[in-house]
**Q** 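Okay, here's the structure, questions in a sec.
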Amino acid sequence: MLGVTAFSFTIVFTKIAIGGLSPLFIGAGRAVVAAAIAGAALSLTRQALPRGQQWARLAVVAAGVVAGFPLLTSYALTVVPASHGAIVVALLPAATAVCAVLRGHERPPAAFWALAAAGSVAAMVFAMVHGAGLGHLSWPDLLLFGAVLAAAVGYAEGGLLARELGAWQTVSWALVIAAPVMLGLAALAVVQQPPDATPAQWAAFGYLAAVSMYLGFFAWYRGLAIGPMTQVSQVQLVQPVLTLGWAALLLHERLTWSTVLGGAAVIGCAALAVRVRLR
């Protein structure tokens, strides 16, 4: 719950930072800052190097949560409001559970899959009605769905690695692995669009770098490592609710009935899926 609370500000602060920083700089730059902190932490505590296939698995984590989710959500939020992003990202708990089932070779009952699918359909219908209209998805929705898939894979693989390497060590090594690529992208972003942000926008970026990209994973990966991941991941169902609240409070976004009903449908389906699995 501590990790989820930390992550619940991510979309809102991304929306704030976009006012003065480019999406590429926000997505890549926050990973560079977090990687510097992670590298210092690994060096000061003299952590042992990962071994063998752990490097490849850390690369999967890095691709999902260090590069994929931050970059895709940053570009999507240049168009859609934070409340819209929060509802689509509400698919993340169900997607994480599916990835955890596939990686952990668990066999949930058919009812679990039916309800997870119903939640996915509810989120897609919401995105079509609230976004580009019923019948097709807009490109920001596709980016958000891609972000959900990237994060789900990164969460599931990271949760497994946290049992071997430790929670904060897993995210630290993933950040270090991704650092060269993200540094290059951040430099490109500065050349293309030099940062011109207010103190509030820089503060939002600082939160994304230090908390959303690093410290929040200490609690989140620890919780997933304790597991079982299919159950623990569903705690994240409260994240879109918190994000909608922060968007209304900090961004003054109006909570329409379509937003509220869409969020309730997604969260309700996922919550029922958890109850079936727990039984």
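What you see is a predicted model; the values in this text were computed from it and never measured.
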**Q** Report the distance from atom CG of Leu24 to atom CD of Gln192, rounding to the nearest 0.5 Å.
**A** 6.5 Å

**Q** Angle between ring planes, Trp168 versus Phe218, binned at 30° and 60°: parallel, tilted or perpendicular?
**A** tilted

**Q** Once rounded to the nearest 0.5 Å, what's the spacing between atom CE of Met182 and atom CD1 of Ile177?
**A**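 Going from the CE atom of Met182 to the CD1 atom of Ile177 covers 13.5 Å.
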
**Q** Looking at every heavy atom in both Leu92 and Val148, which two are closest together, and how far apart are they?
**A**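 Taking Leu92 first and Val148 second, the nearest heavy atoms are CD1-O, 3.4 Å.
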
**Q** State yes or no: do Leu251 and Tyr207 share one hydrophobic cluster built from I, L, V, M, F, W and Y residues joined by side-chain heavy-atom distances below 4.5 Å, directly or via other members?
**A**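 Hydrophobic grouping puts Leu251 with Tyr207.
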
**Q** Honestly curious: do Leu249 and Leu242 fall in one hydrophobic cluster under the side-chain, below-4.5 Å linking rule?
**A** yes

**Q** Rounded to the nearest 0.5 Å, how far does CH2 of Trp220 lie from OG1 of Thr170?
**A**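 It is 14.5 Å, given to the nearest 0.5 Å.
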
**Q** Any heavy-atom pair between the side chains of Leu143 and Thr73 that's under 4.5 Å?
**A**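 Result no, sub-4.5 Å side-chain heavy-atom pair not found.
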
**Q** With sequence neighbours left out, what residues match Phe205 under ring pair (Phe, Tyr, Trp, His ring centres under 6.0 Å)?
**A** Phe25, Trp202

**Q** What about Leu224 and Met1, same hydrophobic cluster or not, with Ile/Leu/Val/Met/Phe/Trp/Tyr joined at side-chain heavy-atom distances under 4.5 Å?
**A** yes

**Q** Look up atom CZ in Phe9 and atom CG in Leu250, then write down how far apart they are to the nearest 0.5 Å.
**A**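 Atom-to-atom, Phe9:CZ and Leu250:CG are 7.0 Å apart.
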
**Q** Report the distance from atom CG of Leu161 to atom CG of Leu58, rounding to the nearest 0.5 Å.
**A**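 Answer for the CG-CG pair, Leu161 versus Leu58, is 5.0 Å.
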
**Q** Applying ring pair (Phe, Tyr, Trp, His ring centres under 6.0 Å), name anything that partners Tyr221, two or more places apart in sequence or on another chain.
**A** Phe217

**Q** Going by distance alone, is a donor N or O of one side chain under 3.5 Å from an acceptor N or O of the other, for Ser233 and Thr96?
**A**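 Judged by distance alone, the side chains do not pair up.
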
**Q** Assess the residue pair Leu72 and Phe145 against the criterion (side chain to side chain contact (heavy atoms under 4.5 Å, CB included)); give the C-alpha distance rounded to whole Å, side-chain angles, the decisive distance to 0.1 Å, and a yes or no.
**A** CA-CA 9 Å; Leu72 292 173; Phe145 286 127; over 6 Å; no

**Q** Which residues pass the ring pair (Phe, Tyr, Trp, His ring centres under 6.0 Å) test with Tyr75, sequence neighbours left out?
**A**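 Scan of Tyr75 (ring pair (Phe, Tyr, Trp, His ring centres under 6.0 Å), adjacent residues dropped) gives none.
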
**Q** So, Ser172 versus Tyr214: side-chain donor-acceptor pair below 3.5 Å or not?
**A** yes

**Q** Between Glu164 and Arg57, does any NZ, NE, NH1 or NH2 come within less than 4.0 Å of an OD or OE carboxylate oxygen?
**A**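 Answer for the salt bridge query: yes.
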
**Q** Flag yes if Val60 and Val176 sit in one hydrophobic cluster, no otherwise; membership is Ile, Leu, Val, Met, Phe, Trp, Tyr, and two members link when side-chain heavy atoms are under 4.5 Å apart.
**A**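 No; Val176 is not reachable from Val60 via cluster members.
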
**Q** Quick one: do Leu149 and Val65 end up in the same hydrophobic cluster if we chain Ile, Leu, Val, Met, Phe, Trp and Tyr together by side-chain heavy atoms under 4.5 Å apart?
**A**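 In one cluster: no.
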
**Q** Using every non-hydrogen atom in the two residues, find where Ala6 and Val211 come nearest and quote the distance to one decimal.
**A**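 Closest pair (atom of Ala6, atom of Val211, distance): CB-CG1, 3.7 Å.
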
**Q** Which heavy atom in Ala28 sits nearest to a heavy atom in Ala186, and how many Å separate them?
**A**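 For Ala28 and Ala186, the tightest heavy-atom pair comes out as CB-N, 3.7 Å.
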
**Q** Hey, are the side chains of Arg222 and Leu2 touching, using non-hydrogen atoms and a 4.5 Å cut-off?
**A**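 The answer is no, as the side chains (C-beta and beyond) never meet within the 4.5 Å cut-off.
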
**Q** Can you give me the closest heavy-atom contact between Leu21 and Pro195, atom names plus distance?
**A** CD2-CB, 3.5 Å

**Q** What's the shortest heavy-atom distance between Thr78 and Pro23, and which atoms?
**A** CG2-CG, 3.2 Å

**Q** Run the numbers on Met213 and Leu175 for side chain to side chain contact (heavy atoms under 4.5 Å, CB included), then give the verdict.
**A** CA-CA 9 Å; Met213 193 80 267; Leu175 285 164; 3.9 Å; yes

**Q** Kindly give the heavy-atom pair with the smallest separation between Asp196 and Gln201, and that separation in Å.
**A**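 Heavy atoms only, the tightest pair is O-OE1, 4.2 Å.
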
**Q** For Tyr155 and Phe7, take the angle between the two ring planes, folded into 0 to 90°, and tell me which bin it lands in: parallel under 30, tilted 30 to 60, perpendicular over 60.
**A** parallel

**Q** For Ile226, look at atom CD1 and say whether over 12 heavy atoms of other residues, nucleotides or ligands are found less than 6.0 Å away.
**A** yes

**Q** Once you round to the nearest 0.5 Å, how far does CG of Leu144 lie from CG of Leu77?
**A**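 One finds 6.5 Å between CG of Leu144 and CG of Leu77.
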
